[in-house]
There are 2 protein chains.
Amino acid sequence: MLEHKNHTLADQVFERLESDILSGKYARGEILVEMEICQDLGVSRTPVREALRRLQQEHLVEEHGKGLKVLGVTHEDLEDIMELRLRLEGYAAARAAERITDEQLKELKETLDLQEFYLTKHDSDHIKGMDSKFHELVYKFSDSVVIYDTLLPLHKKVQRYRKRSVENDSRAAHSVEEHRVIYEALAARDPKAAEAAILNHTQNAKKHIMKG
Amino acid sequence: MLEHKNHTLADQVFERLESDILSGKYARGEILVEMEICQDLGVSRTPVREALRRLQQEHLVEEHGKGLKVLGVTHEDLEDIMELRLRLEGYAAARAAERITDEQLKELKETLDLQEFYLTKHDSDHIKGMDSKFHELVYKFSDSVVIYDTLLPLHKKVQRYRKRSVENDSRAAHSVEEHRVIYEALAARDPKAAEAAILNHTQNAKKHIMKG
DNA sequence: GATAGTATAATTGTATACAATAATAAGAGT
DNA sequence: ACTCTTATTATTGTATACAATTATACTATC
């Protein structure tokens, strides 16, 4: 197995499989068989099964007689996801503007600065990483587990489609600029501005993502 | 163990625990220990563990050294849930209006009629059941797994707080009337009307639920 | 050659055994 | 009596063994 950040094997297996499904490494329709995963990762069936049950709960896989069928995220799913995000991101950002602390603001700024740095290096993998982190932080700083649990999974599921956007230099640059506007609104503790900024960002993101 | 609708023991354990947490049978902060559940339900640890991992994935419980702490749904969670629903239900209903089939419409009407029947009998448990089914059907008929997976968990989590609403005769009657308006809009395949009707219903539901 | 029925093998579902870890209790020293 | 250390116990994490189910392959019959 790979990394050891998350203690249990079951957690590691889950993250590995989730990532491989969301990145498209496992194709839609592919059948996952417990023992194959066990052999690939060198663990027993117990942690693999627990990971699979969690993936099932997230509708990333579904039962299929023998094995589990990979569902992944279709282009139609993507459209729905972006429609939901258009309706929710503003609320999350407005709440974050009302509640964000100075330390949290600092963490957000560091993420933003890093994203700008990677932009100058044309390092799209890290740009994408910082992009995801920025949004995850906004969800977190909205200080609502409901918002976090609802929006983070939606955001994660866009991952595979976001790749193209981020590899487009011009879009990546605009995206970082939009993040900065969001950050400024949060720093000013201005809920309305934050809502408007993130709505604009989400609309642009939708446009570019759906084109692909 | 109880019923046998869902084949595997793991599924049954999950539904039982989820229901007991959402209904408040397990108090917030309570510690769940695997073996106790095993003894209560007469099954081994394997299905119990799989159920617990799924509950964790839904943030209904969280790690706590020994055992899992029951999180349940707080009054603050409830406010967030209703805010998110206010922003999403309209989209779900509008989509359903565009896509609902005649059979689906019939199923929805049967649910609505049953709810009215139980209303005359003052059978609040069944009223609640039909209320939940009505909304679940709307999510389903929106024909988007993203909508379904996002809204159904939010709706489920209101369960415990909806009880009071439904036991209030006047509110229960108004709620059924609002359902009827939603149904009529769907039957007319009128997305805008459906959106307006469900928004109105959700606003009223929020008012009454938050009072409690 | 097609089809139904049966045997075989592969896969999942469940229980249990073992290992590792963390909490609690007991005991020694001050 | 208090605190630190150590032993014990309880609980979770992981692997494996067994049971039940379901798909696949084979054979017999038409």
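All values below were derived from every heavy atom in this structure, side-chain atoms included, with hydrogens, water molecules and symmetry-related copies excluded. Residue numbers begin at 1 in each chain, while the letters A, B, ... track the order of the sequences.
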Look at the side chain of A:Lys66 and decide which nucleotide, out of C:dT11, D:dT14, C:dA23, has an atom nearest to it.
-> C:dT11
Output the single nucleotide from D:dT14, D:dA15, C:dA15 whose closest atom is nearest the side chain of B:Pro47.
-> C:dA15
How long is the line joining NE2 of B:His7 and C1' of C:dT11, in whole Å?
-> 14 Å
Round to the nearest Å and state the distance from B:His64 atom NE2 to D:dA10 atom C1'.
-> 15 Å
Describe, in one word, how the ring planes of B:His155 and B:His135 are oriented to each other, choosing from parallel (under 30°), tilted (30 to 60°) and perpendicular (over 60°).
-> tilted
Identify the residue among A:Gln56, A:Glu58, A:Gln57 that makes a side-chain hydrogen bond (donor to acceptor under 3.5 Å, both in side chains) with B:Gln57.
-> A:Glu58
Could you give the angle between the helix axes at the two ends of the helix from C:dG1-D:dC30 to C:dT30-D:dA1, with five pairs per end, rounded to 10 degrees?
-> 10°
Take atom CE of B:Met35 and atom P of D:dA10, then tell me their distance rounded to the nearest Å.
-> 12 Å
Side-chain atoms of A:Arg49 come closest, of C:dT14, D:dA15, D:dG13, to C:dT14
Against the side chain of B:Arg45, the closest entry in C:dA15, D:dA15, D:dG13 is D:dG13
Against the side chain of A:Thr8, the closest entry in D:dT12, C:dT12, D:dG13 is D:dG13
How long is the line joining CD of B:Glu50 and P of D:dT12, in whole Å?
-> 16 Å
Does the side chain of B:Leu71 come within less than 4.5 Å of B:Leu60's, by heavy atoms?
-> no
By nearest-nucleotide position on DNA chain D, the 5'-leaning member of B:Leu68 and A:Gly65 is B:Leu68
Considering residues at least two apart in sequence or located in another chain, which fulfil the side-chain contact (heavy atoms from CB on, under 4.5 Å) criterion with A:Asn204?
-> A:Arg171, A:Glu178, A:Asn200, A:Lys207
Just how far, in rounded Å, is C1' of D:dT14 from CG of A:Leu41?
-> 15 Å
Do the non-hydrogen side-chain atoms of B:Tyr139 and B:Arg95 ever get within less than 4.5 Å of each other?
-> no
B:Leu9 CG - D:dA19 P separation (whole Å) = 16 Å
Starting from C1' on D:dG13, measure out to CD on B:Gln56 and report it in whole angstrom.
-> 13 Å
Under a 4.0 Å N-O cut-off, is there an ion pair linking A:Glu18 with A:Arg54?
-> no
Among C:dT14, D:dA15, D:dT12, which is the nearest nucleotide to the side chain of B:Glu34?
-> D:dT12
Under 4.5 Å between any side-chain heavy atoms of A:Glu50 and A:Arg53, yes or no?
-> no
Of D:dT14, D:dT11, C:dT14, the nucleotide closest to the side chain of A:Thr46 is D:dT14
Grab the CD1-P distance between B:Ile31 and D:dA10 for me, whole Å please.
-> 18 Å
